[in-house]
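The structure presented is a predicted model; accordingly, all values stated were derived computationally and were not measured. Here is how names work: the chains are called A, B, and so on, in the same order as the sequence lines, proteins then strands, and each is numbered from 1.
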Amino acid sequence: MKSEKRIKVKDLMNSTAFGSDVTVKGWVRTFRNNQFIAINDGSTLSNIQAVVDFTTADETLLKRLTTGAAVSVMGTLVESQGKGQKVEIKVKKLEILGDSDAEKFPLQPKKHSLEFLRDIAHLRFRTNTFNAVFKVRHALAFAIHQFFNDRGFVYLHTPIITASDAEGAGEMFRVTSLDFNNPPRLENGEVDFKQDFFGKSTNLTVSGQLEAELAAMAFGEVYTFGPTFRAENSNTTRHLAEFWMIEPEVAFNDLTDNMQLAEDLLKYVIKHAIDTCAEELEFLKTRLLEEEKTKPQDERSELDLMAKLNFCLENDFERLTYTEAIEILKHSAPNKKKKFKYLIDQWGADLQSEHERFLVEKHFKKPVILTDYPKGIKAFYMRQNDDGTTVRAMDILFPGIGEIIGGSQREERLERLEKRMEEMNIPAEELYWYLDTRKFGTAPHAGFGLGFERLVLFVTGMTNIRDVIPFPRAPKTAEF
RNA sequence: UCUUCCUUAGCUCAGUUGGUUAGAGCAUCUGACUGUUAAUCAGAGGGUCGUAGGUUCAAGUCCUACAGGGAGAGCCA
């Protein structure tokens, strides 16, 4: 068959060019009744129905129309006689581009568990659920760039390999070209990293924030959007060893500006997903409803996916300080009845997941921004309040996800910063370049980190973070 | 890393107080039907019950260890 120009299924579904010949290429989802091929080409969740005349068609060719096979069909676009679809293709020419052995191909035209699909992540793109999830993921990524671009931010590529292990944002993955079995050693037995590729010990980045701050001190507003690596042994539905993070950093912003930027960003990208992924979100909404049917009544969410997203757009996020949150928690029913595993008794304790969930899902029932945490439980670079005990930190908590954003106004005063680094045993010499921003033209500034996969989790209504990134990297998991 | 649950056919699962040759639906194969919508109907094949030990006359079922997976926790985004 000579190569006719292929038309995407998405463009065909609403076409009224009946009688014209069209070519469609895609993958067989099902072949029914020896004559109806459901073809999906990924452009839409919908399949186009191609009808073959089995009385004249080559029987051996029809036998090869198995689930998963790649096909090219040329035929006349007609109004469907059947009820399930408006248009279909009356096939004139059928070509199998790639066979798919029905005995071995693991996907069937039926529901599969997410756990099973995770094991065949190289094939799961071919399912409706993952088609929808990754379309939404794309839309969100695109919207993030558009949001910042429209506001004059510079997209900054911060390094993936870094020599600074000073930030303390978690365990790091070492990067080396030394012979792992026989590394050069110093006289005291330690590995001699002077002989390593970079002449020093290097790791994969855990954050681009410190570098972003440097650029913010020149461009005013910058953001990063790249992969981040944490070697934590975290086995949860919301942690990955390799994930994508968005980190805006804005000069002259204070914490209030920072909160507003974060809220605006989240609302903008969710709106964009609603506007551009109507079909996908509708599918995911239904999927979630089906999934929740298997749960007991009291564990089901009150709002469906679309209602939840719209609710998020229409309401201001609840803003309160850590201290106010502690007061609410202290007097909450679960605390008094000792239902919390960790009871809130005094100021200064770190909030546990159960407390965050209570505030977001039970008390306020909407996204919550917590600010002004005790300095003891937060990073060295956060701006210290005059009370001497709290810092200008903010965490944005989402229902079902927990912390989706963590950020702060940064400590721009050199002396305060150096003192805090000393208290927290952060080696100042290694971070001389960071401290230089405070020596030369320091200015108030603020920023935050948005966990991209957590955002995708929220918008798609999926519940395991490993199902919203194509090839998840997690402890004991690096397949594909 | 901790707690807890799970592992039976390609997939999803059932399997009684331990008791003959371990079942179902879907998928696959064969045939029928031919405007179907996860097509339908008839028939067939397919399992050393996660692995290794142990208890017992007898283990899919009870015990132990290990492996893999899920959920929750910690760490965080």
Side-chain angles (χ1 to χ4, degrees), chain A residues 29-38 46-55 62-63 66-68 78-85 88 90 100-120 127-128 167-171 206-209 224 227-247 262 294-295 299 340-342 350-357 377-379 395-398 401-407 448-458 463-467 469 474-477 479:
Chain A
R29 283 292 175 84
T30 66
F31 180 44
R32 283 187 295 267
N33 214 0
N34 210 24
Q35 53 183 326
F36 302 107
I37 319 167
S46 309
N47 305 323
I48 186 88
Q49 174 158 289
V51 188
V52 289
D53 183 353
F54 62 88
T55 58
L62 297 186
K63 280 260 186 285
T66 54
T67 301
V78 295
E79 274 186 279
S80 179
Q81 298 169 36
K83 282 189 179 138
Q85 57 285 316
E88 64 188 24
K90 210 166 145 59
S100 175
D101 187 338
E103 298 225 43
K104 292 176 183 155
F105 188 59
L107 293 173
Q108 302 161 21
K110 63 167 269 189
K111 214 177 208 91
H112 289 288
S113 67
L114 293 172
E115 291 85 353
F116 173 66
L117 293 171
R118 219 170 282 149
D119 287 339
I120 51 166
T127 65
N128 288 335
E167 207 215 326
E171 292 296 310
V206 293
S207 165
Q209 180 201 315
T224 74
T228 308
F229 308 87
R230 306 263 168 101
E232 301 285 354
N233 191 11
S234 297
N235 289 290
T236 77
T237 52
R238 53 192 189 284
H239 287 86
L240 290 165
E242 176 183 291
F243 63 99
W244 289 65
M245 188 155 65
I246 296 100
E247 296 179 291
T294 64
K295 291 190 194 167
E299 285 178 30
F340 283 143
K341 197 175 166 199
Y342 298 90
D350 208 350
L351 298 181
Q352 308 292 320
S353 289
E354 58 181 350
H355 306 131
E356 296 180 350
R357 274 208 312 277
I377 56 174
K378 288 292 179 185
D395 282 2
I396 302 190
L397 310 176
F398 263 41
I401 314 291
E403 187 179 343
I404 198 167
I405 280 179
F448 59 83
L450 165 62
F452 185 55
E453 282 75 18
R454 290 187 180 176
L455 173 66
V456 182
L457 262 188
F458 179 75
T463 47
N464 191 318
I465 203 164
R466 300 178 189 195
D467 295 330
I469 188 167
K476 305 278 184 292
T477 305
E479 192 68 35

Considering every strand and a 4.0 Å limit on heavy-atom distances, what is the contact class for [X]: base, sugar-phosphate, or nothing?
X: A/L455; answer: nothing
X: A/Q85; answer: base
X: A/S234; answer: base
X: A/G406; answer: sugar-phosphate
X: A/N464; answer: sugar-phosphate
X: A/K104; answer: nothing
X: A/L450; answer: nothing
X: A/F54; answer: base
X: A/T228; answer: nothing

Most 5' of A/F105 and A/R32 on RNA chain B, judged by nearest nucleotide: A/F105
Closest-nucleotide ordering on RNA chain B, the 5'-leading residue of A/A102 and A/R466: A/A102
Full working for side-chain contact (heavy atoms from CB on, under 4.5 Å) between A/D395 and A/I405: CA-CA 6 Å; A/D395 282 2; A/I405 280 179; over 6 Å; no
Roughly how far apart, to the nearest Å, are [N] and [M] at atom [atom1]?
N: B/G31; M: B/G45; atom1: C1'; answer: 15 Å
N: B/U21; M: B/U4; atom1: C1'; answer: 38 Å
N: B/C66; M: B/G47; atom1: C1'; answer: 23 Å
N: B/U20; M: B/U64; atom1: P; answer: 25 Å
N: B/U12; M: B/U7; atom1: P; answer: 12 Å
N: B/C13; M: B/C29; atom1: C1'; answer: 23 Å
N: B/G70; M: B/C33; atom1: P; answer: 47 Å
N: B/C49; M: B/G23; atom1: C1'; answer: 12 Å

Using whole Å, what does the distance between atom [atom2] of nucleotide [N] and atom [atom1] of [X] come to?
X: A/D467; N: B/G70; atom1: CG; atom2: P; result: 9 Å
X: A/R357; N: B/G72; atom1: CZ; atom2: P; result: 8 Å
X: A/K476; N: B/C66; atom1: NZ; atom2: P; result: 14 Å
X: A/K83; N: B/G35; atom1: NZ; atom2: P; result: 13 Å
X: A/F229; N: B/C75; atom1: CZ; atom2: C1'; result: 19 Å
X: A/N34; N: B/U40; atom1: CG; atom2: P; result: 15 Å
X: A/I465; N: B/C75; atom1: CD1; atom2: P; result: 17 Å
X: A/F36; N: B/C33; atom1: CZ; atom2: P; result: 16 Å

Letter per nucleotide, 5' to 3', of nucleotides 10-15 of chain B [B base touched, S only sugar-phosphate touched, - untouched; heavy atoms, 4.0 Å]: BBS---
Side chain of [X] only, heavy atoms from C-beta on: which candidate in [options] is closest?
X: A/Q49; options: B/U36, B/A73, B/C75; answer: B/U36
X: A/E88; options: B/A73, B/G35, B/C75; answer: B/G35
X: A/M245; options: B/A77, B/U30, B/U1; answer: B/A77
X: A/R230; options: B/G35, B/U37, B/A77; answer: B/A77
X: A/R238; options: B/A73, B/A77, B/A38; answer: B/A73
X: A/H239; options: B/A73, B/G74, B/U34; answer: B/G74

Set of residues satisfying side-chain hydrogen bond (donor to acceptor under 3.5 Å, both in side chains) with respect to A/S113, sequence neighbours excluded: none
From CA spacing to verdict: side-chain contact (heavy atoms from CB on, under 4.5 Å), A/R238, A/R454: CA-CA 7 Å; A/R238 53 192 189 284; A/R454 290 187 180 176; 4.1 Å; yes
Pairing annotation in dot-bracket form, given for RNA chain B with Watson-Crick or G-U pairs under 3.5 Å and | for cross-strand partners: (((((((..((((.....[...)))).(((((.......))))).....(((((..]....))))))))))))....
Under-3.5 Å donor-acceptor pair between A/N235 side chain and B/U1 base: yes
Side-chain donor/acceptor of A/S353 to base of B/G74, under 3.5 Å: no
Flag, side chain of A/H239 to backbone of A/T236, donor-acceptor distance under 3.5 Å: no
A/Q49 side-chain N/O to A/Q85 backbone N/O, donor-acceptor pair under 3.5 Å: no
Is the shortest side-chain heavy-atom distance between [X] and [Y] below 4.5 Å?
X: A/I404; Y: A/L455; result: yes
X: A/L62; Y: A/N34; result: yes
X: A/H112; Y: A/L107; result: yes
X: A/F105; Y: A/T67; result: yes

Stacking check A/F243 vs B/A77 (5.5 Å / 30 deg): yes
Over all atoms of both residues, closest heavy-atom pair of A/L457 and A/T237: CD1-O, 4.0 Å
N/O (side chain, [X]) to phosphate O (OP1/OP2, [N]) under 4.0 Å:
X: A/T236; N: B/C76; value: no
X: A/R118; N: B/G70; value: yes
X: A/N33; N: B/U36; value: no

A/K378/A/D350 ion pair, N-O < 4.0 Å: no
Residues A/S207 and A/E247: side-chain donor-acceptor under 3.5 angstrom: yes
Spatial distance of atom CD (A/E115) from atom CZ (A/R466) [nearest 0.5 Å]: 11.0 Å
